[in-house]
Amino acid sequence: MKRRQFVGSLAAAAGLAACSKQQNGGEVQAARAGESFEWSIATSWPPKYPGLGIAVNNLADRMEATSGGRLKLRVYAAGELVPAFEAFDAASRGIVEMGHDAAYYHKGKVPAAQFMTAIPFGMTFMETNAWLYYGGGLELWRELYEPLNLVPFPCGNTGVQMGGWFNKEINSIEDLKGLKMRIPGLGGEVFRRAGGTPVTLPVSEIFTSLQTGAIDATEWVGPYNDITNGFHTVARYYYYPGWQEPAPALQAYVNRQAWDSLPPDLQSVIEISCQAITTDMQAEYTHGNAVALQQLMQDPDVELRKFPDDVLQYLKAIAKEIVEEMVAGDPMAAKIHESWSSFLELSIQNSRITEHAFLETRR
Ligand code: CA
């Protein structure tokens with residue numbers, strides 16, 4: 001019943017957009033100025049999940065407040081309207097107007113989307129935003145999603161993640177062999193080539209899988225989220241750094257017809273609200289991780305470990321190979337890779353003498 005109502009509202013909006021093209025532009029703006037929209041957004045996150053999920057509720061609040069109540073979002077957590085990984089398809093088909101998740105969950109459909117979340121050993125939070133907003137990344141993202149009938153927006157970023165929870169020590173490359181780990185995206189492919197078995201699971205299934213031994217290890221996000229999920233109660237070793245996801249960006253996307261039905265000021269509301277969520281989420285994670293890490297370090301059953309350097313260098317070499325293979329034979333991926341890697345190369349020189357040098361000095 002509810003779903004029909006949403007499709008109905010979207011169809012009506014699409015119809016309005018179609019009609020408007022035949023009218024005088026000025027009249028259309030005047031006619032739309034007072035119009036209100038009630039949209040649905042489907043997500044991959046559990047209800048009000050710290051960071052990732054709350055961000056979508058914050059997005060809805062900001063959009064409603066900054067639009068003076070003209071653009072309302074009804075938030076559907078994973079499974080409430082569609083399963084965790086199907087928000088993308090639902091928005092593409094117009095079952096919902098918007099969705100929120102991570103682009104790399106859809107690598108099966110759009111391999112190049114992985115550049116929009118995170119590439120192993122790739123960009124930091126600041127570099128990701130620099131590339132997206134000033135380096136042409138966002139334009140490429142829009143072009144990539146054009147055939148999917150979606151308009152994408154960066155909407156959140158967790159910052160550098162942790163390497164993950166392991167029930168076994170990782171002292172050498174050999175120790176990765178035969179491990180079954182929840183690790184999605186390109187990081188998962190790197191792990192596979194290193195001899196492990198990667199699996200992709202929604203967060204709701206990770207704890208039980210780790211507890212029952214169905215998986216030996218998991219990466220998720222970092223201390224702030226991981227402690228909420230209780231991974232430290234079912235795995236002993238907490239490894240860093242999160243080579244697989246240095247600063248994954250989350251995405252919001254809008255069904256193309258729904259987007260076209262909005263007047264420009266409400267389109268700006270979406271754009272600016274998503275940008276605000278990116279800043280807000282990073283602040284929430286930076287604060288939450290610092291607090292949660294302290295708690296985890298006081299737990300006698302948790303051992304914090306850094307991956308050995310040779311393991312990291314080995315994974316980095318594999319990551320480079322995998323990215324090059326992914327873009328070969330995919331012209332759009334190659335175009336994105338060219339833009340992404342050119343900026344990363346430039347930025348590494350700068351980051352080395354700024355952020356990196358400063359953090360080394362400050363300790
Ligand atoms: Ca992760």
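First listed ligand is number 1; within each ligand, the first listed atom is number 1.
For the Ca ion (ligand 1), the N/O/S atoms of T158 include none lying under 3.0 Å. Taking 3.0 Å as the criterion, W220 counts as a coordinating residue of the Ca ion (ligand 1), since one of its N, O or S atoms falls below it.
Looking at H100 and Y253, their side chains never come closer than 4.5 Å, going by heavy atoms from C-beta outward. Proximity of Y76 to I41: side-chain heavy atoms (C-beta onward) are nowhere separated by under 4.5 Å.
When OE2 of E245 and OE2 of E219 are joined through the Ca ion (ligand 1), the resulting angle is 80° to the nearest 10°.
Geometric assessment of R193 against the ring of Y314 yields a negative cation-pi assignment under the 6.0 Å and 45° thresholds.
A salt bridge between R70 and E35 is absent, with no side-chain N of the basic residue lying under 4.0 Å from a carboxylate O of the acidic one.
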